[in-house]
J.: 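Take this structure, written in structure tokens, and hold onto it; I'll ask about it next.
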Protein chains: 2
Amino acid sequence: MALPKVGSIGEYIREQRKQAKISLRQLAEAAGVSNPYLSQIERGLRKPSAEILNQIAKGLRISAQALYVQAGLIEDREPPSDVITAITADTFITERQRQVLIDIYESFRKENRAGEDETSQNTQPRRDSSAEDELPETAAIVTTESREG
Amino acid sequence: MALPKVGSIGEYIREQRKQAKISLRQLAEAAGVSNPYLSQIERGLRKPSAEILNQIAKGLRISAQALYVQAGLIEDREPPSDVITAITADTFITERQRQVLIDIYESFRKENRAGEDETSQNTQPRRDSSAEDELPETAAIVTTESREG
DNA sequence: CCTCTCTGCTTGCAGTTGCAAGCAGAGAGG
DNA sequence: CCTCTCTGCTTGCAACTGCAAGCAGAGAGG
């Protein structure tokens, strides 16, 4: 772990804690680490072990993975969409059906990407509700494609 | 990190080293850790940090992730083989879209189950070709459901 | 016999990790 | 004013981590 990373894991933790609106002591207790130590970690004075990071993640209710990434323990691997992988590997449906499912899935993601671009200009992203509004149109498009295909 | 896990990380490392047919000193050098320390790790006398595990993984030419899993730092994320599980866990699409995909997937499987019952009476299962014949009907049914839903 | 090289391990130690005890400041309530 | 509770931080210290120096055994070659 390079020193720059350690500095940023502390900042990251403090940032997450502030977002969660809890005090240092509250997080320390929730995480099961001492509050002075947590303070030192946040200020970059100490380099916590993976186990401590795990505990802090639990206290913050975020994934330990996220903290490991910030701490430089692992690389940030954007998982290739598990859905596509799963569909591709699935043996219970035919190749044609797999392709249909993948097309639908990608169509959904494309719509959500477009939806996110639009909502990013609003005050708050309204992800679920905007997707619900768009869903009927999406299904119609997919249906048309299936018939032509 | 529970103690049992530490014990097994050492055994795992020794095992991998034996498979690679290199001596403890050779691995230590390749990994950039001291050989006495590596010896202690292999025998479970010391609990190495994630950074040391990273170095050892490099020396062994295996993924650090594998060692982290053995050490209990992260969970072994088997890529979900189940399409439903993958869809459920996907954060790129909305809950509603997830449900739609799951419904389609289950519909496909249901049709394939019926198709398999018919083809099982034949000499050889002709899964792909029979599925292609059935696909137009399947798509029509799905389309109807989507519009009604 | 010897020396040399390799093997894995022992041991002492410096630096690091994580904690307990406690400090100082801010705010609330009597 | 006081006490109390909360806040984040300081500090001393025990235990741990990782290393350097070195040991002992095995095998090879002269």
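For clarity, every value in this text was computed on a predicted model and none was experimentally measured.
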J.: So, using side-chain hydrogen bond (donor to acceptor under 3.5 Å, both in side chains) as the criterion, who are the partners of A:Q99 when residues are at least two apart?
T.: A:D103
J.: Under the side chain to side chain contact (heavy atoms under 4.5 Å, CB included) rule, collect the residues that match up with B:E15, sequence neighbours excluded.
T.: B:Q19
J.: Side chain to side chain contact (heavy atoms under 4.5 Å, CB included) with B:A57: which residues, sequence neighbours excluded?
T.: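 So B:A57 forms a side chain to side chain contact (heavy atoms under 4.5 Å, CB included) with B:I62, B:A64, B:L67.
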J.: In the 5'-to-3' direction, what one-character label does each nucleotide of nucleotides 11-23 of chain C receive under the scheme B = base within less than 4.0 Å of a protein heavy atom, S = sugar-phosphate only, - = no such atom?
T.: B-----BBBBBB-
J.: Measure the distance from CZ on B:R43 to P on C:dG8 and round it to the nearest whole Å.
T.: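 It is 11 Å, rounded to the nearest whole Å.
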J.: If you only use heavy atoms from C-beta on, which nucleotide in C:dC9, C:dT7, D:dG8 is closest to the side chain of B:Q26?
T.: C:dT7
J.: Residues in side-chain hydrogen bond (donor to acceptor under 3.5 Å, both in side chains) with A:S49, at least two apart?
T.: none
J.: Side chain to side chain donor-acceptor pair (under 3.5 Å): which pairs involve residues 29-38 of chain B, sequence neighbours left out?
T.: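 Not a single pair qualifies under side chain to side chain donor-acceptor pair (under 3.5 Å).
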J.: Is there a side chain to side chain contact (heavy atoms under 4.5 Å, CB included) between A:F108 and B:V100 once you walk through the steps?
T.: CA-CA 10 Å; A:F108 282 166; B:V100 170; 3.9 Å; yes
J.: Take the protein atom CG of A:L24 and the nucleotide atom P of D:dG8, then report the distance between them rounded to whole Å.
T.: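 For the pair A:L24 CG and D:dG8 P, the rounded distance is 5 Å.
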J.: B:R25: which residues meet the side-chain hydrogen bond (donor to acceptor under 3.5 Å, both in side chains) condition with it, sequence neighbours left out?
T.: none
J.: Which stems does DNA chain C form, counting runs of 3 or more consecutive Watson-Crick or G-U wobble pairs with both distances under 3.5 Å?
T.: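 The stems that DNA chain C takes part in, listed by first number, are C:1-30 with D:1-30.
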J.: With B:R98, which residues qualify under salt bridge (Lys or Arg N to Asp or Glu O under 4.0 Å), at least two apart?
T.: none
J.: Taking only the side-chain nitrogens and oxygens of B:S23, find out if one of them lies under 4.0 Å from OP1 or OP2 of C:dT7.
T.: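 Checking C:dT7 against B:S23, a side-chain N or O does come within under 4.0 Å of OP1 or OP2.
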